[in-house]
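Below is one structure, written out as structure tokens; comments come after it.
For the numbers below, each heavy atom of this structure counts, side chains included, while hydrogens, waters and symmetry mates do not. Atoms within a ligand are numbered from 1 in the order they appear, just like the ligands themselves.
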Amino acid sequence: MITVDEAFKKFRSRLELTDREQEDASRRHNEIRDYLRTKFDIEDDFLTGSYKRWTKTKPLKDVDIFCVLGKEERHRRDKPPAELLKAFEDALVEKYGRDKVTCQRRSVMVEFGVTTDADEDTGGKVMSIDVVPAFTTNKHYEIPDTATSSGWTETNPKVHYDLAVKAQEAYSGAWKGIVRMTKKWNSNQGKPVKPSFLIEVMALELLHPPFGGDYRLEIKAFLASLADRLDETWPEPAKLGPPVSDGMNQAARDAAKIKLRAGSDAAAKAIQLERQGKNGEALKVWRNEVFGPMFPLS
Ligand SMILES: Nc1ncnc2c1ncn2[C@@H]1O[C@H](COP(=O)(O)OP(=O)(O)OP(=O)(O)O)[C@@H](O)[C@H]1O
Ligand SMILES: [Mg+2]
């Protein structure tokens, strides 16, 4: 039978981006870029968000593409942000069909009809892409944000990218893995923590270097500290956009705290079982009560 150590190793590698996924993301990016360039004046476009930072969990969905709009589209900045999103939505519906396209708070999502197997594997395929229309400002970007009063959010993916790189280095290369695993816990629980970017933002402060060397203990402690600190306001790390913690009201926070504490308790239980030599039972707790079907039993 596989040991818990081996299972964690396998789980970690399952959450890494594969070459095939990167090829598929790049193919989809080019396809969307080529199409949108026939519809809008687009100055630049690039893959960004957690995909670009390697903090995305699996199965691979909602890969962010930034589309930086050129001069011809500038007039759209003077109108409500929902109109810009609607224009992108309409264009994408024309190509991908009504049932594949959804307008969101800051982006338009395109789903590709990809399914997963019992281990939540997509066979190297990206399930969906979030297209984010953006304008350049002095040093940063502005994106539509239908949940804020101004309607626009300033952002700078480069700042978030650099912070993740620094944290990863300080944490002996284990920081992104812990973020990916915790995001997997979150999606397996039905996304109690919203947005999942909040997990990454909190990890910048809550995971104190050095890395202790044991993923089990790190996960148990991180889930507990997320619960302890979830009621605080978590500013956007570049200090440009609204607090990243603005996506949950008190009821949602309270529900998330209960799930986070249950997750940490399940991790403690699994650690205890393993110490008692009950390897098989420990594996099942990690899979059934913490991470879901991507955590291997063999
Ligand atoms: N409140 C905010 N202010 C400014 N920029 C933000 C804010 N929230 C998110 N962003 C930026 O937009 C990017 C895309 O947002 P998104 O919600 O898709 O997060 P993500 O990090 O890509 O996580 P996920 O894995 O859930 O896709 C983030 O990676 C971050 O760089
Ligand atoms: Mg994203």
Side-chain angles (χ1 to χ4, degrees), residues 15-17 21 25 28-29 32 45-68 81 85 88 102-111 120 122 126-168 175-204 226 232-248 256 294:
L15 294 180
E16 297 269 352
L17 287 174
E21 282 164 336
R28 288 298 191 182
H29 172 204
I32 286 185
D45 49 73
F46 46 88
L47 293 167
T48 180
S50 58
Y51 172 84
K52 178 72 180 177
R53 295 192 301 272
W54 286 65
T55 51
K56 192 135 208 71
T57 198
K58 296 284 190 76
L60 190 55
K61 52 170 95 155
D62 308 338
V63 170
D64 297 290
I65 301 180
F66 243 54
C67 292
V68 184
L85 289 172
F88 269 69
T102 313
C103 199
Q104 309 179 124
R105 172 177 170 178
R106 299 185 177 120
S107 58
V108 179
M109 173 175 69
V110 182
E111 288 170 291
E120 297 188 306
T122 62
V126 175
M127 299 183 79
S128 63
I129 273 184
D130 286 346
V131 179
V132 188
F135 293 105
T136 44
T137 58
N138 279 344
K139 288 193 196 131
H140 313 293
Y141 297 98
E142 251 181 343
I143 58 176
D145 191 342
T146 47
T148 59
S149 53
S150 82
W152 304 90
T153 277
E154 238 188 308
T155 189
N156 191 334
K158 177 82 173 76
V159 175
H160 299 158
Y161 182 89
D162 291 345
L163 286 170
V165 168
K166 245 172 92 184
Q168 175 77 345
W175 189 87
K176 293 186 183 186
I178 293 168
V179 170
R180 282 194 296 267
M181 285 186 216
T182 309
K183 282 173 139 189
K184 184 72 242 181
W185 167 84
N186 193 42
S187 69
N188 189 48
Q189 300 300 319
K191 293 233 172 92
V193 180
K194 276 190 219 67
S196 68
F197 181 50
L198 179 60
I199 292 175
E200 180 170 342
V201 168
M202 291 177 76
L204 290 170
L226 287 169
E232 293 173 28
T233 298
W234 289 86
E236 185 269 300
K239 308 279 187 298
L240 295 169
V244 181
S245 49
D246 77 353
M248 280 184 286
M294 253 193 198

dist L85:CG -> T102:OG1 (nearest 0.5 Å) comes out at 12.0 Å
Side-chain touch K56/E21, heavy atoms, less than 4.5 angstrom
no
So which protein heavy atom does atom 10 (N) of ligand 1 come closest to, and at what separation?
F197 CE2, 3.9 Å
Heavy-atom donor-acceptor pair, Q104 side chain to R106 backbone, under 3.5 Å:
no
Heavy-atom distances under 4.0 Å are what count here, so tell me which part of N156 touches ligand 1: side chain, backbone, both or neither.
neither
Answer with side chain, backbone, both or neither: which part of E154 has a heavy atom less than 4.0 angstrom from an atom of ligand 1?
backbone
Would you call E142 and L240 a side-chain contact if the rule is heavy atoms closer than 4.5 Å?
no
Yes or no: does D130 have any heavy atom under 4.0 Å from an atom of ligand 1?
no
Considering non-hydrogen atoms of the protein only, which is the closest contact for atom 25 (O) of ligand 1, and what is the distance?
S50 OG, 2.6 Å
If you have a sec, work out which protein heavy atom is nearest atom 24 (P) of ligand 1 and how many Å separate them, to one decimal?
K56 NZ, 3.2 Å
Measuring from non-hydrogen atoms of T153 to any atom of ligand 1, is the shortest distance under 4.0 Å?
yes
Find all atoms of ligand 1 within a distance of less than 4.0 Å from any non-hydrogen atom belonging to D64, and give their numbers and elements.
14 (C), 18 (O), 22 (O)
To check your reading of the model: name the closest protein heavy atom to atom 2 (C) of ligand 1, its residue, and the distance in Å.
E236 CG, 3.5 Å
Please determine whether a side-chain nitrogen of the Lys or Arg among K158 and D162 lies less than 4.0 Å from a carboxylate oxygen of the Asp or Glu.
yes
What is the nearest protein non-hydrogen atom to atom 30 (C) of ligand 1, stated with its residue, atom name and distance?
H160 ND1, 3.1 Å
Compute the shortest N/O to N/O distance between P242 and ligand 1 and return yes if it is under 3.5 Å, no if not.
yes
Hey, are the side chains of K184 and P59 touching, using non-hydrogen atoms and a 4.5 Å cut-off?
yes
Short list, please: which atoms of ligand 1 are under 4.0 Å from a heavy atom of T155?
4 (C), 5 (N), 6 (C), 11 (C)
Check whether any side-chain N or O of K191 sits under 3.5 Å from a backbone N or O of S196 as a donor-acceptor pair, and report yes or no.
no
Polar-atom distance check: K183 versus ligand 1, any N or O pair below 3.5 Å?
yes
What's the shortest distance from atom 21 (O) of ligand 1 to any protein heavy atom, and which residue and atom give it?
R53 NH2, 2.7 Å
Which atom pair, heavy atoms only, marks the closest approach of T153 to P242?
OG1-CD, 3.4 Å
I need the nearest protein heavy-atom contact for atom 7 (C) of ligand 1: residue, atom name and distance, please.
R106 NH1, 3.8 Å
Contact check, side chains of K183 and E200, non-hydrogen atoms, under 4.5 Å:
yes
Report, in ascending order of atom number, the atoms of ligand 1 lying under 4.0 Å from any heavy atom of G49.
22 (O), 29 (O)
Give yes or no for whether the N/O distance cutoff of 3.5 Å, strictly under, is met between E200 and ligand 1.
no
Find out whether V179 and R53 are in side-chain contact, i.e. whether some heavy atom of one side chain is under 4.5 Å from a heavy atom of the other.
no
Taking the six-membered ring for Trp, are H160 and F197 parallel (under 30°), tilted (30 to 60°) or perpendicular (over 60°)?
tilted
Within the structure, does at least one protein heavy atom fall under 4.0 Å of atom 12 (O) of ligand 1?
no
Within 6.0 angstrom of K58 NZ, more than 12 heavy atoms from elsewhere:
yes
Relative to the Mg ion (ligand 2), which of the N, O or S atoms in D64 is the closest?
OD2
By number and element, which atoms of ligand 1 are closer than 4.0 Å to a non-hydrogen atom of S196?
23 (O), 24 (P), 25 (O), 26 (O)
